[in-house]
Number of protein chains: 2
Amino acid sequence: MEIRIGDLAKRSGCEVVTIRYYEKEGLLPKPARSGGNFRLYSDVHIERLQFIRHCRSLDMTLSEIRILLGLRDNPAQDCGDVNALLDVHIRQTEERVEALLQLKRHLLSLREKCSGARRIEACGILQGLSDCDHPGCNA
Amino acid sequence: MEIRIGDLAKRSGCEVVTIRYYEKEGLLPKPARSGGNFRLYSDVHIERLQFIRHCRSLDMTLSEIRILLGLRDNPAQDCGDVNALLDVHIRQTEERVEALLQLKRHLLSLREKCSGARRIEACGILQGLSDCDHPGCNA
DNA sequence: TAAAAACTCTATAGTCGCTATAGAGTCAAG
DNA sequence: CTTGACTCTATAGCGACTATAGAGTTTTTA
């Protein structure tokens, strides 16, 4: 059963252009072509694209996904590398959550500096933004 | 007191190229030039760049910062817009934290599928990544 | 004083993961 | 047989930088 790119897009929940982009990036192998030069995809492509999209939904980068696909294509290897990649990814996610929570605390404290509407020149928020406290800044 | 771009970079904790980029983007006004065509910055530029860097450290986009700078340059206006911009930013931050926590839960459950090192073809993680459960995917 | 090192200049291309556009070709239904 | 939906390639744009090349300027060192 061979399907065209539009059907593959619907099945996988991503855009036609994105599929062509994955092909250009070497994540999806080049499919067969019809007489009119349309791409024809088979089950192998469908499953592989779903794998890619699932990884993307987990916020993995395309180069991480490239690595996982490479591992997947060599099934006799040890899967310790897969675990390691995932562990790194989990740790990065935790770090980003921490950074964002810190950021939010900072934003909330800034927001408290202006209680109501007044003139810009008296606004505590803008004044708070001028005071420099970020790393590397020697003001 | 006029300083050159390298000193401004050190003071503000950002790179020389970034300062030139901000100038090109209209966030920093064009500075005076020395006889040898070097940029010469004054206190006004220093303070403005610190404002920009502080906003960036709060993860604001350059267009948000452009708006804040515009408000700052018109001090007679009402500062309700500043508050509104910040409120939107805080809400976006909360949403991103929520999304990342969800993501982390997903990654952790995936990680549990592989307890130790075995052959790739038996690895529960890669199999978990093939099962498709993300929105829009009809697999 | 001259050479070397450090700094600055402009202009251009690359990063990532797409998204958008233009202009042409292919195919199925009315 | 024409309309409309689909597909093709190639190219440019997004945001916020980063990197590079090649030239000019200033400061330090010998």
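In what follows, every chain begins at residue 1, and chains take the letters A, B, ... in the order their sequences are listed. What you see is a predicted model, and the numbers here were worked out from it, not measured in a lab.
- A donor and an acceptor atom, one from each side chain of A:Arg53 and A:Tyr22, are located under 3.5 Å apart.
- Once rounded to the nearest 0.5 Å, the distance linking CD of A:Glu64 with CG of A:Asp59 reads 8.5 Å.
- Rounding to the nearest 0.5 Å places CD1 of A:Ile5 at 7.5 Å from CD of A:Glu23.
- Within the nucleic acid shown, A:Glu15 comes within 4.0 Å of sugar-phosphate atoms alone, with no base atom in reach, counting heavy atoms only.
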Do nucleotides 1-16 of chain D as a string where each nucleotide becomes B, S or -: B if the base has a protein heavy atom under 4.0 Å, S if just the sugar-phosphate does, - if no protein is that close. ------SSB------B
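- The CG atom of A:Leu100 sits 12.0 Å away from the CD atom of B:Glu95 when rounded to the nearest 0.5 Å.
- Remark: B:Leu8 CG to B:Ile3 CD1 distance equals 4.5 Å, nearest 0.5 Å.
- Between B:Arg66 and the choices B:Leu71, B:Ile52, B:Leu27, the side chain to side chain contact (heavy atoms under 4.5 Å, CB included) rule is met once, by B:Leu27.
- Residue B:Ile19 contributes atom CD1, which lies 12 Å from atom P of D:dT18 at whole-angstrom precision.
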Is there a side-chain contact (heavy atoms from CB on, under 4.5 Å) between A:His54 and B:His106 once you walk through the steps? CA-CA 11 Å; A:His54 194 170; B:His106 199 146; 3.5 Å; yes
Step by step, work out the side-chain contact (heavy atoms from CB on, under 4.5 Å) result for B:Arg48 and B:Asp73. CA-CA 11 Å; B:Arg48 197 175 180 93; B:Asp73 293 340; 3.3 Å; yes
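- Of the residues in residues 89-103 of chain B, not one places a heavy atom less than 4.0 Å from an atom of DNA chain C.
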